[in-house]
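Proteins get letters first, then strands, A, B, ... in listed order; numbering begins at 1 in each.
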Amino acid sequence: MDAKRSIADKLLDWYDRHARTLPWRAPPGVRADPYRVWLSEVMLQQTTVATVRPRFEAWVSRWPDVASLAAADEAEVMAAWAGLGYYARARNLVRAARAIVADHGGHLPDTEAALRALPGLGDYTAAAVAAIAFGQRAVVIDANVERVVSRLFRAAGKPAVRAAAEQITPDQRAGDFAQAMMDLGSAICSPRKPKCLLCPLADDCAAHRAGEEEAFPVKPAKKARPARFGTIFWLEREVPVESQAGATDREVLLVRRPSSGLLGGMRALPTGPWEATAPGLAEAPAGADWTLLNHVVGHGFTHFTLELALAVARCDAHSALAEGEWWPVDDLASAGLPTVFAKAAKAIGRMR
DNA sequence: AAATCGGGGCA
DNA sequence: TGCCCAGATTT
């Protein structure tokens, strides 16, 4: 082992040669746009790079800076976030953008503590933005860093990992160091079958020397996910096309979910309650002739799985059957529905 | 400290 | 299928 060169030096040399090019990232040694760094870090919370990349590009085209996001309509922001999940992230982005305009002159604050005070920025994101966007020395610990560091030092538990990360974080280029750890964790130090032959830190790695790379990080046992069942109510009507005499358009009833809780603030198809047993047509909106389709939409959430039966009905164009928003069926893609409802709409479209 | 909050990539 | 992830907030 080359004991004279620090882990940070070796890793930064590796990063200078192998850094990924990403839309929110500046080349090694160059400072990136704080707004783009912040947005990317929030999008990347529990979400993979491959998923985020196109969504990031579309987002910055529409809201290129803090001021435009602060002035955005929240319903449009929520629709733009559709499919990414953890929708509180989108609501917090708007809240934070407005706080940055109100309290910081429209510029992100450059200290970890001030960033940490903004909604949606926890320990990780505050440290990441401080380091990557502002060059501050901050200790950035995400799942990649936890995996790399726990293996380097055979460190078990978050306090031990944090202490070790503190030790190896350099005073200079802390942002590049953090991004280098993420790239290393993504490309080399993977959860399973790490590519230690390609690793610039293999000689420094205690887990590698012991041949027990996959024993780290130590993860707590997880509990089983229960199943829940419900019914989606697809209520459709036909309305005349103004520009074309005799022609009609189909519209479906959408609702807005409560701003807090599961899928909070999102446009959605109406559903009954989600219970431990299948409810069928129980609690269907009254006054329509419901048909229960022979099809179920399945969806996995973090802490339970969901199976939704599909019920369809038609109603009069002027029906006051239910509260909500009538949406053109042919334009459902623009409604910004969460994935579970997009799945249901697609299934019904196939069955018509 | 534990529960809540989605979704997609991948082996 | 099961596991994993560039986590934060609420309870």
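The residue from A:Arg192, A:Lys193, A:His208 that alone fulfils the side-chain hydrogen bond (donor to acceptor under 3.5 Å, both in side chains) condition with A:Glu213 is A:His208.
One N or O on the side chain of A:Arg55 and one on the backbone of A:Ala80 form a donor-acceptor pair closer than 3.5 Å. Side-chain atoms of A:Thr305 do not come within 3.5 Å of backbone N or O of A:Gly300 as any donor-acceptor pair.
Two residues are said to be in side-chain contact when any heavy atoms from C-beta on lie closer than 4.5 Å; A:Arg228 and A:Leu306 meet this criterion.
Residue A:Thr302 places a side-chain atom within donor-acceptor reach of the base of B:dG6, judged by atom type and a 3.5 Å distance cut-off alone. Put simply, the side chain of A:Arg36 and the base of C:dA6 share no donor and acceptor less than 3.5 Å apart. For A:Gln46 and B:dG6, a side-chain-to-base donor-acceptor distance below 3.5 Å is absent, hydrogens and geometry of angles not being considered.
Contact annotation: A:Lys223 side-chain N/O to B:dA3 OP1/OP2 distance is under 4.0 Å. At the phosphate of B:dC5, OP1 or OP2 sits under 4.0 Å from a side-chain N or O atom of A:His303. The phosphate of C:dC4 (OP1 or OP2) has a side-chain N or O of A:Lys222 nearer than 4.0 angstrom. Under 4.0 angstrom from either OP1 or OP2 of C:dT9 there lies no side-chain N or O belonging to A:Tyr86. The phosphate of C:dA8 (OP1 or OP2) has no side-chain N or O of A:Arg116 nearer than 4.0 angstrom.
At the heavy-atom level, A:Thr47 lies under 4.0 Å from base atoms of the strands shown. Counting non-hydrogen atoms under 4.0 angstrom, A:Leu22 reaches a base of the nucleic acid. As judged by a 4.0 angstrom heavy-atom cut-off over every strand, A:Gly261 is placed among residues touching the sugar-phosphate backbone only. Here A:Gly83 lies in heavy-atom contact (under 4.0 Å) with sugar-phosphate atoms only. Among the atoms of the strands shown, base atoms are found under 4.0 Å from some heavy atom of A:Arg25. Within the 4.0 angstrom heavy-atom criterion, no nucleotide atom of any strand lies near A:Ala88. No contact: A:Trp81 has no heavy atom under 4.0 Å from any strand. At a threshold of 4.0 angstrom between heavy atoms, the contacts of A:Ser186 with the nucleic acid are absent.
Rounded to an integer number of Å, the gap from A:Phe216 CZ to C:dC4 P is 15 Å. Rounded to whole Å, the distance from CZ on A:Arg89 to P on B:dT4 is 19 Å. A straight line from CE of A:Met266 to C1' of B:dG6 spans 11 Å, rounded to a whole angstrom. Atom pair A:Arg95:CZ and C:dA8:P shows a separation of 14 Å (rounding to whole Å applied). One can place CG of A:Asp123 at 12 Å from C1' of C:dT9, the figure rounded to the nearest angstrom. Taking atom CG of residue A:Asn92 and atom C1' of nucleotide C:dG7, one finds them 12 Å apart after rounding to whole Å. Per the geometry, CG belonging to A:Leu263 stands 9 Å off P belonging to B:dC5, to the nearest Å. Atom C1' of nucleotide C:dC5 and atom CE of A:Met43 are separated by 17 Å, given to the nearest angstrom.
Side-chain proximity of A:Val49 to B:dG9, C:dA6, C:dG7: nearest is C:dA6. Taking the side chain of A:Tyr124 as heavy atoms from C-beta on, and the options C:dG7, C:dC5, B:dG6, the nearest nucleotide is C:dG7. Listed candidates were B:dG9, C:dC5, B:dG8. Nearest to the side chain of A:Thr339 is B:dG8.
The residue among A:Ser260 and A:Thr48 whose nearest nucleotide of DNA chain B is located toward the 5' end is A:Ser260. Heavy-atom nearest nucleotides on DNA chain C were determined for A:Pro119 and for A:Arg20, and the one closer to the 5' end corresponds to A:Arg20. Judged by closest nucleotide on DNA chain B, A:Lys343 is the one of A:Lys343 and A:Arg192 placed further toward the 5' end.
Contact record, A:Ala72 with A:Trp63: CB-NE1, 3.3 Å, taken as the closest heavy-atom pair.
Between A:His303 and A:Phe301, the distance separating the two ring centers is not shorter than 6.0 angstrom.
Hydrophobic clustering, with ILVMFWY side chains joined whenever heavy atoms are under 4.5 angstrom apart, keeps A:Trp290 apart from A:Val255.
Here, B:dC5 and C:dA6 have their P atoms 23 Å apart, quoted to the whole Å. Distance noted for atom P between C:dT11 and B:dG6: 15 Å (whole Å).
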